[in-house]
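For reference, the structure discussed in these notes is given below.
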Amino acid sequence: MHLVPADRAGHRTIDGHRVCDAIAAIGDPARVRSWADRFSLLADPNRLALLLALRRAGPLAVSDLAVATGMRDPAVSQALRLLRAAGAVTGEKDGRVVRYRVVDEATARLLDQYAMTPSGTGPGHASTA
């Protein structure tokens, strides 16, 4: 049980080698926090819809995103501010129009995984196999 931190070394374990494997799988707490933050961005259906639209259609302006997602312009702008602050998207000015795109590669890969999942097979759907 070489990976168990000193403050937990006295705790009883059933499968010590699996505990070490679990600790190794969890890894660096800062990295876990970073991924948890990324998942929290994706946990909101409106933000997820915006990210999916941006990933699939490329750079889009607020008004176009509002039409695509059914959201109002101010709600799109607010969500994009949050996504931009988190480093998930960036906006590029083209005259008076700002077009947004996904820039975080890890988020982009997650969105690509969603796109490759057949409709009706995600979480919350019973398996028919």
Side-chain angles (χ1 to χ4, degrees):
M1 297 218 335
H2 65 284
L3 295 179
V4 176
D7 65 329
R8 291 181 251 160
H11 293 224
R12 181 178 153 272
T13 62
I14 306 299
D15 296 309
H17 65 287
R18 289 189 181 185
V19 171
C20 289
D21 290 346
I23 291 170
I26 294 167
D28 176 42
R31 185 169 184 246
V32 172
R33 177 84 248 153
S34 173
W35 275 92
D37 291 344
R38 184 174 287 118
F39 284 125
S40 73
L41 284 176
L42 299 173
D44 177 78
N46 289 328
R47 289 192 301 262
L48 180 57
L50 291 170
L51 288 166
L52 289 166
L54 290 171
R55 182 66 179 160
R56 177 65 184 249
L60 290 167
V62 168
S63 57
D64 293 339
L65 284 165
V67 171
T69 61
M71 297 169 62
R72 296 188 181 271
D73 286 14
V76 170
S77 293
Q78 181 178 352
L80 288 170
R81 267 193 299 279
L82 183 74
L83 293 169
R84 195 173 59 240
V89 303
T90 190
E92 296 170 353
K93 207 159 172 69
D94 181 16
R96 296 180 63 187
V97 175
V98 178
R99 288 186 175 85
Y100 293 87
R101 64 185 176 89
V102 177
V103 292
D104 179 61
E105 283 304 314
T107 299
R109 285 191 303 272
L110 290 170
L111 296 169
D112 291 344
Q113 283 295 313
Y114 172 89
M116 293 188 306
T117 303
S119 181
T121 61
H125 290 86
S127 174
T128 57

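On a predicted model such as this, the values are computed, not experimentally measured, just so you know. If you read the sequence from its start, that first residue is 1, and numbering goes on from there. No hydrogens, no waters, no symmetry mates; every other heavy atom, side chains included, goes into these values.
For residues 50-71, the pairs satisfying salt bridge (charged side-chain N to carboxylate O under 4.0 Å, His left out) are R55-D112, with sequence neighbours left out. Evaluation of the side chain to side chain donor-acceptor pair (under 3.5 Å) test over residues 91-101, restricted to residues two or more places apart or in two chains, returns R84-Y100, E92-R101, D94-R99.
Contact of the L80 side chain with the V98 side chain is not registered, since no non-hydrogen atoms from C-beta on lie closer than 4.5 Å. Counting heavy atoms from C-beta outward, P59 and L54 have side chains that stay 4.5 Å or more apart. Within the 4.5 Å cutoff, no side-chain heavy atoms of L65 are placed close to those of M71.
Remark: A68 engages no residue in a side chain to side chain contact (heavy atoms under 4.5 Å, CB included) (not counting sequence neighbours). Take R109 and apply the side chain to side chain contact (heavy atoms under 4.5 Å, CB included) test, not counting sequence neighbours, and it matches E105, A106. The side-chain hydrogen bond (donor to acceptor under 3.5 Å, both in side chains) search around D37 returns R33, not counting sequence neighbours. For the side-chain hydrogen bond (donor to acceptor under 3.5 Å, both in side chains) test, no residue two or more places apart in sequence or in another chain qualifies with R81. With sequence neighbours left out, the ring pair (Phe, Tyr, Trp, His ring centres under 6.0 Å) criterion links F39 to W35.
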* To do: Report the C-alpha distance between D15 and V19 in whole Å, list the side-chain angles of each, state the deciding distance to 0.1 Å, and finish with yes or no for side-chain contact (heavy atoms from CB on, under 4.5 Å).
  => CA-CA 6 Å; D15 296 309; V19 171; 5.7 Å; no
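In terms of hydrophobic clustering, with Ile, Leu, Val, Met, Phe, Trp and Tyr side chains grouped at heavy-atom distances under 4.5 Å, V103 and L110 are assigned to different clusters. Transitive grouping of hydrophobic side chains (ILVMFWY, heavy atoms separated by less than 4.5 Å) keeps V62 and V67 in distinct clusters.
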Which pairs would a plain distance check flag for residues 41-51, meaning a side-chain donor or acceptor within less than 3.5 Å of a matching protein atom at least two apart in sequence or in another chain?
from, atom 1, to, atom 2, distance (Å)
D44, OD2, N46, N, 3.1
D44, OD2, R47, N, 2.8
R47, NE, L41, O, 3.1
R47, NH2, S40, O, 3.1

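The hydrophobic side chain of V97 is isolated, with no ILVMFWY side chain under 4.5 Å apart from it. The hydrophobic side chain of I14 is isolated, with no ILVMFWY side chain under 4.5 Å apart from it. In this structure, M116 shares a hydrophobic cluster with no other residue, the cluster being traced through Ile, Leu, Val, Met, Phe, Trp and Tyr side chains under 4.5 angstrom apart. Summarising the hydrophobic clusters (Ile, Leu, Val, Met, Phe, Trp, Tyr; side-chain heavy atoms under 4.5 Å, direct or chained), the residues clustered with V32 are I26.
Judged purely by atom type and a 3.5 angstrom limit, T117 uses its side chain to pair as donor or acceptor with the backbone of Q113.
Nearest heavy atoms, A108 versus V102: CB-CG1, 4.1 Å.
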